[in-house]
Q: 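Quick one: the structure is below, and I'll ask about it shortly.
Each chain gets a letter, A, B and so on, in the order the sequences are listed, and its residues count up from 1.
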There are 2 protein chains.
Amino acid sequence: MTKRTEVAKLAGVSEATVSRVLSGTGPIKEATRLKVLEAADALGYVPSDIARQFAKKRSGNLGVVLPFMPNVPLFSTFYFSQLLGGIGLAAGERGLNLLLIFRQPGDASPYAGLFRSRKADACIVLGSSGIPGEREALMELETAGYPYAVAGQRFEGLEHRTADGDHAAGSRQTVAHLHGLGCRSIAFVGGPAQYSNSGDRYAGYVEGLEQADLPLSPHIVLEGKYSRKSGLALASRVEELLRSGQADSVYAGNDRMAIGIMQGLLEKGIQAGRDYALAGYDGSDGASMTSPQLTSVAVPFDEVGRQAALRAIGEAEGGIAPSHELMLATRLAARDSTLLYRPGRP
Amino acid sequence: MTKRTEVAKLAGVSEATVSRVLSGTGPIKEATRLKVLEAADALGYVPSDIARQFAKKRSGNLGVVLPFMPNVPLFSTFYFSQLLGGIGLAAGERGLNLLLIFRQPGDASPYAGLFRSRKADACIVLGSSGIPGEREALMELETAGYPYAVAGQRFEGLEHRTADGDHAAGSRQTVAHLHGLGCRSIAFVGGPAQYSNSGDRYAGYVEGLEQADLPLSPHIVLEGKYSRKSGLALASRVEELLRSGQADSVYAGNDRMAIGIMQGLLEKGIQAGRDYALAGYDGSDGASMTSPQLTSVAVPFDEVGRQAALRAIGEAEGGIAPSHELMLATRLAARDSTLLYRPGRP
DNA sequence: TGAAAAAATGTACACGCGTACATGAGTATA
DNA sequence: TATACTCATGTACGCGTGTACATTTTTTCA
């Protein structure tokens with residue numbers, strides 16, 4: 001590996017000048033600049049990023065902490081992949097690389113350790129949940145003053161670190177949409193309670209019912225696991241609700257569960273859009289793959305990720321910590337799974 | 001930030017001893033070890049990874065070069081997300097972090113630059129294609145002796161660097177399956193020619209026809225772009241082939257295109273599994289979301305990614321370069337989009 | 001034209017770790 | 001008990017940059 005010394009010698013200048021030319025700092029006479037560049041090129045010299053990082057005490061990495069879930073194709077979930085895409089975009093814009101860290105469930109050490117070991121200059125936490133210890137681990141970052149952001153999960157007292165979609169609003173939009181179609185009893189299939197966005201969606205559902213002047217019936221509120229499988233598993237209970245007339249429509253907390261429900265009911269001869277209205281959530285690509293296509297709430301998860309990253313990076317580069325929660329607008333994408341439904345049919 | 005000096009002083013030992021204890025090298029008396037650990041703990045000392053990397057001249061990162069495609073939700077494509085998941089798994093197993101590098105189309109510089117700047121110890125190239133310059137850029141890695149692996153694309157002379165599914169076999173399986181159902185004219189919808197796996201799938205299609213003793217008709221071979229949209233766009237041409245009796249079944253080069261075709265034809269009242277047999281490729285989760293569910297070839301992309309990563313990492317850690325191409329077995333997942341089809345119906 | 005100011009370059013060292021080598025403390029062998 | 005040997009620890013330095021400060025060169029301005 002050629003190093004700075006050789007370039008300096010060949011160009012007939014000092015090492016400091018080489019450094020200045022190649023890092024673009026300090027005033028340099030154009031002639032010297034060219035000499036140095038030529039010498040560097042001739043020798044195939046590229047500064048060692050490792051040494052640079054060491055000298056500047058900055059890694060140039062944006063850490064992204066992801067939950068490690070065996071048997072779960074994490075990246076293929078629309079939610080994570082979109083977030084990650086947006087984060088990658090922001091990192092690219094600011095000249096940072098993305099450092100992916102997989103976190104074992106329950107092991108919160110990566111958070112502060114990431115900074116203490118100087119592996120990353122800023123960090124984004126994805127897929128965190130309300131399990132014990134999680135909040136404490138983040139609070140450690142907070143008190144230590146490390147620049148970070150949480151995407152997709154709210155923590156009490158740390159709201160200003162959060163970026164997410166406005167899920168309550170998304171839920172209200174969905175309920176209003178179903179109500180507008182004539183639905184009068186909307187079953188809700190929520191996600192695990194440990195995720196704050198599950199609660200947000202439920203809260204929006206309740207608010208939406210209120211605004212539509214519909215009663216809230218706890219027995220038509222179910223809970224799944226955000227997976228297609230869990231939707232499938234709930235299909236028979238949903239079937240009961242529909243057959244008994246307790247519900248004429250279903251609003252599922254994400255598209256995967258909605259698709260599972262759609263499939264499970266189809267096996268029993270009950271078609272979404274014909275026999276009941278079905279809405280999902282996330283606006284994933286899967287929603288356009290079903291027949292009928294699935295009504296869903298489009299959440300700009302990529303932008304959520306991007307904004308979260310920009311905040312953390314900005315803080316790392318000397319800015320100040322954000323003071324308020326970031327909540328991005330959602331948009332209802334109405335499709336045939338609800339649009340085709342005509343209430344009042346048997 | 002507390003550093004080694006302070007720990008050494010508090011523990012009453014030399015800095016070298018602290019280093020040895022915390023990096024687990026060299027023989028250490030148990031008593032000293034505990035003293036040092038206690039002191040480090042008391043001071044909250046964590047060695048700087050940056051300095052470690054600098055001293056050892058190893059970054060501890062596995063670089064993953066991805067194509068940057070604006071407007072394409074890269075991570076949510078089954079193909080990439082599975083590959084990435086497998087790579088992440090391998091990296092975790094070997095104690096490396098994943099460094100994601102987005103490559104601008106046509107800019108091959110990240111490849112060798114990644115090593116010259118010492119950002120990564122080994123690297124995996126994803127989503128590369130046969131465009132000019134690509135092969136040369138990889139050859140540069142080859143001649144420089146950098147440890148790398150290519151997942152999902154073959155290059156002449158660099159086959160030993162490749163890991164991929166056995167797509168030709170997957171295609172043969174599909175054709176045999178359709179033939180077994182009674183299909184006699186199988187249309188093929190391939191992907192862009194710049195990807196070697198497009199060619200592999202086509203080759204397998206041709207071989208499968210031969211083995212089934214079916215003729216190869218160039219006019220029932222189409223080309224899409226691996227996107228659902230491109231499948232939709234081809235639907236009318238496929239319709240013609242089906243209506244005219246030139247084809248009784250369709251084999252698409254990936255699931256997304258197959259789903260697009262399925263949807264496009266459904267709008268025209270032509271149902272997969274009823275009016276024609278339809279098979280996709282990849283074994284993506286989307287294939288189970290359609291109705292009827294889509295027959296597809298399951299490719300262990302996660303294992304492809306994992307194996308590619310293990311090879312590159314192994315080489316970086318002193319092993320030797322692999323000598324042969326790695327090709328993983330595929331498995332046909334037959335579902336209703338073909339199983340329900342009964343040839344001979346109008 | 002000469003001094004002062006500005007621009008360009010050189011000198012010297014810190015950054016925080018790993019580790020080769022030197023050294024000291026035990027321990028088995030004769 | 002002297003010797004050789006092993007184990008445990010200390011000393012000293014390199015890794016390749018960035019950059020504060022010193023120094024030299026060029027420009028400015030009266």
Q: Mark up nucleotides 10-20 of chain D, 5' to 3', with B wherever a protein heavy atom is under 4.0 angstrom from a base atom, S wherever such an atom reaches only the sugar-phosphate, and - elsewhere.
A: BB---BBBBBB
Q: When you list every nucleotide of DNA chain C with an atom under 4.0 Å from a heavy atom of chain A, which one comes first 5' to 3', and which comes last?
A: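 Range of nucleotides within reach of chain A: dA8(C) to dG16(C).
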Q: For DNA chain D, which residues in residues 29-39 of chain B have a heavy atom at a distance below 4.0 Å?
A: Lys29(B), Thr32(B)
Q: Can you list every salt bridge (charged side-chain N to carboxylate O under 4.0 Å, His left out) pair that touches residues 123-133 of chain A, not counting sequence neighbours?
A: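 Every pair satisfying salt bridge (charged side-chain N to carboxylate O under 4.0 Å, His left out) with a residue in residues 123-133 of chain A: there are none.
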Q: Would you please name every residue forming a side chain to side chain contact (heavy atoms under 4.5 Å, CB included) with Ile28(B), sequence neighbours left out?
A: Thr17(B), Arg20(B), Val21(B), Thr32(B), Arg33(B)
Q: Just jot down the salt bridge (charged side-chain N to carboxylate O under 4.0 Å, His left out) partners of Arg52(A), sequence neighbours excluded, or say none.
A: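 Per chain and number, Arg52(A) pairs via salt bridge (charged side-chain N to carboxylate O under 4.0 Å, His left out) with no residue.
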Q: So does Ala149(B) get a backbone contact from the side chain of Arg311(B), meaning a donor-acceptor N/O pair under 3.5 Å?
A: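 Pair absent, no side-chain N/O of Arg311(B) close to backbone of Ala149(B).
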Q: Got a sec, which residues hit side chain to side chain contact (heavy atoms under 4.5 Å, CB included) with Glu93(B), two or more places apart in sequence or on another chain?
A: Leu89(B), Arg306(B), Leu310(B)
Q: If a pair satisfies ring-ring contact (aromatic ring centres under 6.0 Å, His included) and one of its residues is in residues 125-152 of chain A, list it, with sequence neighbours excluded.
A: Phe115(A)-Tyr146(A)
Q: Taking only residues two or more places apart in sequence or in another chain, which ones pass side chain to side chain contact (heavy atoms under 4.5 Å, CB included) with Gln194(A)?
A: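 For Gln194(A), the residues satisfying side chain to side chain contact (heavy atoms under 4.5 Å, CB included) (neighbours in sequence not counted) are Ser129(A), Ile131(A), Pro192(A).
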Q: Are the charged groups of Arg4(A) and Glu15(A) less than 4.0 angstrom apart, N to O?
A: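 So Arg4(A) pairs with Glu15(A) through a salt bridge.
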Q: Please name all residues satisfying side chain to side chain contact (heavy atoms under 4.5 Å, CB included) with Glu6(A), sequence neighbours left out, ordered by chain then number.
A: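 Partners of Glu6(A) by the side chain to side chain contact (heavy atoms under 4.5 Å, CB included) criterion, ordered by chain and then number, come out as Thr2(A), Lys3(A), Leu43(A).
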Q: Going by heavy atoms in the side chains, are Val64(B) and Leu84(B) under 4.5 Å from each other?
A: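 They are in contact (side-chain heavy atoms under 4.5 Å apart), so the answer is yes.
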Q: At what angle, to 10 degrees, do the two end axes of the helix from dT1(C)-dA30(D) to dA30(C)-dT1(D) meet, given five pairs define each axis?
A: 30°
Q: Under 4.0 Å between any heavy atoms, over every strand shown, what does Ile28(A) touch: base, sugar-phosphate, or nothing? Just pick one.
A: sugar-phosphate
Q: In sequence, state the C-alpha distance, the side-chain angles, and the governing distance for Glu136(B) and Tyr111(B), and then conclude on side chain to side chain donor-acceptor pair (under 3.5 Å).
A: CA-CA 11 Å; Glu136(B) 288 66 25; Tyr111(B) 295 162; over 6 Å; no
Q: Scan for ring-ring contact (aromatic ring centres under 6.0 Å, His included) pairs involving residues 35-67 of chain A, sequence neighbours excluded, and state none if there are none.
A: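 Of all non-adjacent pairs touching residues 35-67 of chain A, those that pass ring-ring contact (aromatic ring centres under 6.0 Å, His included) are Phe54(A)-Phe54(B).
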